[in-house]
Enquirer: 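Before anything else, here's the structure in question.
Residue numbers start from 1 in every chain, and the chains themselves are labelled A, B, ... in the order their sequence lines are given, proteins ahead of strands.
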2 protein chains.
Amino acid sequence: MYRIGELADLCEVKADTLRFYEKHGLLTPSSRTDSGYRVYTETDAARLRFILRAKAVGFTLNEISELLSIDLDKSNWVCADVKGMVDVKLAQVQAKIAELNHFQASLQSLSDACCGGPRSAEHCSILEALESSTDSVRTEHDHELHLHPFQEPTDHFNDLGKAAHEKSGN
Amino acid sequence: MYRIGELADLCEVKADTLRFYEKHGLLTPSSRTDSGYRVYTETDAARLRFILRAKAVGFTLNEISELLSIDLDKSNWVCADVKGMVDVKLAQVQAKIAELNHFQASLQSLSDACCGGPRSAEHCSILEALESSTDSVRTEHDHELHLHPFQEPTDHFNDLGKAAHEKSGN
DNA sequence: ATAAACCTTGGAGCCCACTCCAAGGTCAAG
DNA sequence: CTTGACCTTGGAGTGGGCTCCAAGGTTTAT
């Protein structure tokens with residue numbers, strides 16, 4: 001049994017964060033004291049750790065909400081469902097890495113081209129590159145990320161943890 | 001001379017985006033028609049292209065706002081200032097890449113460990129990994145990004161394009 | 001003269017994950 | 001019995017970048 005501050009300290013998050021997770025349906029304390037203080041059980045703590053681990057691999061809270069409801073209802077889901085979520089996320093992460101690699105390469109070539117000295121920026125090659133297109137700075141916005149979440153377009157719920165998408169034929 | 005829609009089409013952005021940039025002080029049309037329509041000159045178009053190129057290398061609009069004001073006042077800045085911004089951004093991008101690489105590795109090992117088949121998720125290794133810590137899923141939040149912008153702590157202006165930090169001794 | 005295609009404004013909404021605040025209630029130690 | 005550390009709530013703010021809306025005015029082509 002933990003009070004909010006205790007659980008927060010234990011898991012190295014802020015109490016505010018736990019209230020935030022509760023507001024969004026991710027983690028509700030099992031009970032309250034008579035005076036209204038939140039009381040978390042060991043099970044609640046385990047759920048929090050699940051959330052934090054899922055965050056640590058890159059899932060958003062929406063996705064974690066879905067993972068949690070799958071976890072509570074395992075028998076109605078198959079490995080392919082879970083692996084599918086991981087693979088979608090993996091693809092998103094890889095797409096983002098690719099984008100950042102572009103940024104990195106461009107920034108590096110800008111940096112390399114600049115003397116970096118104490119002379120007036122009037123002929124700074126970085127500013128010149130931004131003023132008119134060069135190899136290092138291409139606007140081509142092809143490699144844009146179009147992350148398409150797991151959700152179907154229908155679901156614009158903004159309370160995260162809601163019944164998480166009953167499997168359609170179920 | 002372009003109307004908003006024309007410039008938008010030319011640069012493949014939306015008119016809304018140009019109004020947004022204006023609202024935040026990044027790009028103000030040189031004039032208006034009698035009836036109030038925005039009129040952009042070729043110089044405005046060049047400024048927009050500068051913005052889009054800076055975006056393409058990963059700068060945020062706040063940073064671009066700073067770059068723009070440097071660009072308009074080059075003689076009061078030196079290469080080191082400009083290169084400094086690029087290098088800070090480069091470091092931020094690299095930090096983010098490192099974080100995403102962690103995500104990628106974790107996700108990959110989760111994915112690899114899961115059969116992905118049509119059997120019940122009751123013994124899914126992904127869920128098990130999230131339920132209790134494993135090699136693939138470590139919570140250690142050391143590699144957190146603490147991006148510290150160029151700005152000094154003093155400046156919490158939320159109108160982006162404001163006289164951009166007169167160099168202190170100036 | 002009228003319809004279609006443009007433009008104007010202010011403001012709201014979205015995604016993401018907190019973070020902080022104020023005004024007040026609770027609880028254990030001294 | 002007071003102090004201080006804790007807890008409660010609702011709501012606003014942050015950074016980032018749009019995107020969309022409604023209710024109206026303007027221009028252009030037919």
Enquirer: Would you check if Phe50(A) and Leu67(A) make a side-chain contact, meaning some heavy-atom pair closer than 4.5 Å?
Expert: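 Yes - at least one pair of side-chain heavy atoms lies under 4.5 Å apart.
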Enquirer: Write down the distance between CG (Leu27(B)) and P (dC18(D)), rounded to a whole number of angstrom.
Expert: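 Those two atoms, CG and P, are 12 Å apart.
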Enquirer: 5'-most contact on DNA chain C: Gly58(A) or Gly36(B), nearest heavy atom basis?
Expert: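 Nearer the 5' end of the strand: Gly36(B).
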Enquirer: Checking Glu6(A) against Tyr40(A): is there a side-chain donor and acceptor pair closer than 3.5 Å?
Expert: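 Judged by distance alone, the side chains do not pair up.
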Enquirer: If I take atom CG in residue Leu18(B) and atom C1' in nucleotide dT19(D), what distance separates them, rounded to the nearest angstrom?
Expert: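 That distance rounds to 13 Å.
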Enquirer: Starting the side chain at C-beta, find the nucleotide from dT19(D), dA17(C), dC27(C) nearest to Phe20(B).
Expert: dT19(D)
Enquirer: Can Asp44(B) and Thr41(B) be counted as having a side-chain donor-acceptor contact under 3.5 angstrom?
Expert: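 Side-chain D/A pair, Asp44(B) to Thr41(B): present.
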Enquirer: Would you say Ser35(B) places a side-chain N or O within less than 4.0 Å of OP1 or OP2 belonging to dT27(D)?
Expert: yes
Enquirer: For the residue pair Asn62(B) and Glu66(B), confirm or rule out a side-chain donor-acceptor distance under 3.5 Å.
Expert: no
Enquirer: Given dC6(D), dT19(D), dT19(C), identify the nucleotide with an atom nearest to the side chain of Asp16(A).
Expert: dT19(C)
Enquirer: Starting from the 5' end of DNA chain D, give me the residue, Asp34(B) or Thr60(B), whose nearest nucleotide shows up first.
Expert: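 Result of the comparison: Thr60(B).
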Enquirer: Checking contacts here: which listed nucleotide (dT8(C), dC16(C), dG17(D)) is nearest the side-chain heavy atoms of Ile4(B)?
Expert: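 Nearest nucleotide to the side chain: dT8(C).
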Enquirer: Is a side-chain N or O of Ser106(A) found less than 3.5 angstrom from the main chain of His102(A), in a donor-acceptor match?
Expert: yes
Enquirer: Between C1' on dG17(D) and CD on Glu63(B), what's the gap in Å once rounded to a whole number?
Expert: 13 Å
Enquirer: Rounded to the Å, how far apart are Lys96(B) NZ and dG15(D) P?
Expert: 17 Å
Enquirer: Output the rounded distance in Å from CZ (Arg32(A)) to P (dC27(C)).
Expert: 14 Å
Enquirer: What's the closest nucleotide to the side chain of Tyr37(A) if the choices are dT26(D), dC18(C), dG25(C)?
Expert: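 Nearest to the side chain of Tyr37(A) among the choices is dG25(C).
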Enquirer: Can you tell which of dT26(C), dT19(D), dT8(D) lies closest to the side chain of Lys14(B)?
Expert: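 Given the options dT26(C), dT19(D), dT8(D), the side chain of Lys14(B) is closest to dT19(D).
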Enquirer: Quick one: which of dC18(D), dC7(D), dT9(D) gets closest to the side chain of Arg38(A)?
Expert: dT9(D)
Enquirer: Of all the choices, dT26(C), dG16(D), dT19(C), which nucleotide is nearest to the side chain of Asn62(B) once you look at every atom?
Expert: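 Given the options dT26(C), dG16(D), dT19(C), the side chain of Asn62(B) is closest to dG16(D).
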Enquirer: For Arg3(A), answer base if it contacts any base atom (sugar-phosphate contacts may also be present), sugar-phosphate if it contacts only those atoms, and nothing otherwise; contact means non-hydrogen atoms under 4.0 Å.
Expert: sugar-phosphate
Enquirer: Checking only heavy atoms, does the side chain of Tyr21(B) share a donor-acceptor pair with the base of dG17(D) at less than 3.5 Å?
Expert: no
Enquirer: Taking only side-chain N and O atoms of Arg19(B), does any of them lie within less than 4.0 angstrom of OP1 or OP2 on dT8(C)?
Expert: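 Yes, Arg19(B) has a side-chain N/O under 4.0 Å of OP1/OP2 on dT8(C).
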Enquirer: Measuring from the side chain of Lys23(A) (C-beta onward, heavy atoms only), which nucleotide among dG11(D), dT27(D), dC27(C) has the closest atom?
Expert: dG11(D)
Enquirer: Would you kindly give the CD1-to-P distance between Ile64(B) and dG15(D), to the nearest whole Å?
Expert: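 Going from Ile64(B) (CD1) to dG15(D) (P), I get 16 Å.
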Enquirer: What is the separation between atom NE2 on His24(B) and atom P on dT19(D), rounded to the nearest whole Å?
Expert: 13 Å
Enquirer: Just the rounded figure in Å: distance from P of dT8(D) to CD of Glu22(A).
Expert: 8 Å
Enquirer: Is any side-chain heavy atom of Phe59(B) closer than 4.5 Å to a side-chain heavy atom of Val86(B)?
Expert: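 A side-chain contact exists here, since the closest heavy-atom pair is under 4.5 Å.
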Enquirer: Which nucleotide in the list dT8(C), dT19(C), dG17(D) gets nearest to the side chain of Leu61(B)?
Expert: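 Looking only at heavy atoms from C-beta outward on Leu61(B), the closest nucleotide is dG17(D).
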